[in-house]
Amino acid sequence: MYPEVTENLREIRQRVSEAEKLYGREPGSVKIMAVTKTVAPEKINAAVAEGIKLLGENRVQEYLSKKDQYDSSAEVHFIGHLQTNKVKYIIDSVSLIQSVDSVKLAKEIDRLAAKHGRIMDILIEINIGDEETKSGIDSGTLKEFALELAKLQNIRLRGLMAIPPIGADESAFEQMHKLYEELKAYSGELPNAEIDILSMGMSGDYEMAIKHGSNLVRIGTRLFGARDYTKVNGGVTVS
Ligand SMILES: *Cc1c(COP(=O)(O)O)cnc(C)c1O
């Protein structure tokens, strides 16, 4: 039904695999996430049928309107900016929250995870371009922030996420890699951490991200085609 999804995914997989080879990464070590904003559930399910195991959600309202139609064999990560008062809507259906960027948000995730009798996996989002309009913590405060989160027993810190500015030069990716390796090195000081995810790379820059240690690339446009925001009406995808 969606031959373009099959074809796009074939190409993405090939390029990921070539990048792994070229940059000395272990074959199969980079996971491909399908980013679903504005995409209709049937089309998302076509990607899952082709073997996609991980979906990325940006907006709580849109996610809630679509999630019951998703093929449940894929895991869902929340990757968009998350308001503290909306954690309650996603706590029981996502497997990881990639966009943790405040202690207040982390505390609410911790509180609700406890209530649901689970441990919630999280990533810390870094504002790597130091862009004023973007979410994410300042890279200089990472260790302090991670130590603060380490007091929360119902979250498990798995690593880092970033959205480098469009057209960012290579140094942003290098810097993320360095922060990730440093975090791993001091993770012995973080009782709730098991650091194994560096989430960076999107449609335009995933090969460069793989070069610099990413093991989770988040792909939207390359997989599903250009986003049509006119079809998302009040958070409900109508087509
Ligand atoms: C939209 C989005 C992506 C995917 O972007 P593309 O350029 O369409 O691949 C990845 N990560 C986040 C956080 C996003 O919001």
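Note that ligands are numbered from 1 as they come in the structure, with each ligand's atoms numbered from 1 the same way.
- Under 4.0 Å from ligand 1, the heavy atoms of Arg227 that appear belong solely to its side chain.
- Those atoms of ligand 1 that come under 4.0 Å of a heavy atom in Asn58, given as number and element, are 14 (C), 15 (O).
- Classification of Glu194 and Arg158 as a salt-bridged pair fails, no side-chain N sitting under 4.0 Å from a carboxylate O.
- Contact of the Glu170 side chain with the Met208 side chain is registered, since non-hydrogen atoms from C-beta on lie closer than 4.5 Å.
- Taking atom 10 (C) of ligand 1 as the reference point, the nearest protein heavy-atom neighbour is Met202 SD, 3.1 Å.
- Salt bridge Lys143/Glu182: absent, no basic N to carboxylate O contact under 4.0 Å.
- Among all protein heavy atoms, the one lying closest to atom 11 (N) of ligand 1 is Arg218 NE, 2.9 Å.
- Donor-acceptor pairing under 3.5 Å is lacking for the side chains of Lys66 and Gln69.
- Polar contact with ligand 1: present for Gly220 (N/O pair, distance under 3.5 Å).
- Within the 4.0 Å heavy-atom criterion, the part of Lys37 lying near ligand 1 is the side chain and not the backbone.
- Residue contacts with ligand 1: Arg222 is placed with no nitrogen or oxygen under 3.5 Å of a nitrogen or oxygen of the ligand (distance criterion only).
- Taking only non-hydrogen atoms, the option from Ile79, Ile12, Asp205 nearest to atom 12 (C) of ligand 1 is Ile79.
- In this structure, Arg111 pairs ionically with Glu108, as a charged nitrogen and a carboxylate oxygen lie closer than 4.0 Å.
- Here the side chains of Asp121 and Ile155 are not in contact, with every heavy-atom distance at 4.5 Å or above.
- Salt-bridge formation is not detected for the pair Glu18/Lys21: no Lys NZ or Arg NE/NH1/NH2 atom is positioned less than 4.0 Å from an Asp or Glu carboxylate oxygen.
- Contacts of Ile163 with ligand 1, taken as heavy-atom pairs under 4.0 Å, involve the side chain alone.
- Look at Glu57 and Lys37 and you find no salt bridge, because none of the NZ, NE, NH1 or NH2 atoms lies under 4.0 Å from a carboxylate O.
- In summary, the atoms of ligand 1 found under 4.0 Å from a heavy atom of Ile219, numbered by their order in the structure, are 9 (O).
- The protein atom (non-hydrogen) at minimum distance from atom 9 (O) of ligand 1 is Ser203 OG, 2.5 Å.
- At a heavy-atom distance under 4.0 Å, only side-chain atoms of Val35, from C-beta outward, approach ligand 1.
- Contacts of Thr221 with ligand 1, taken as heavy-atom pairs under 4.0 Å, involve both backbone and side chain.
- Between Glu207 and Lys211 there is no salt bridge, since none of the side-chain N atoms of the basic residue sits less than 4.0 Å from a carboxylate O of the acidic one.
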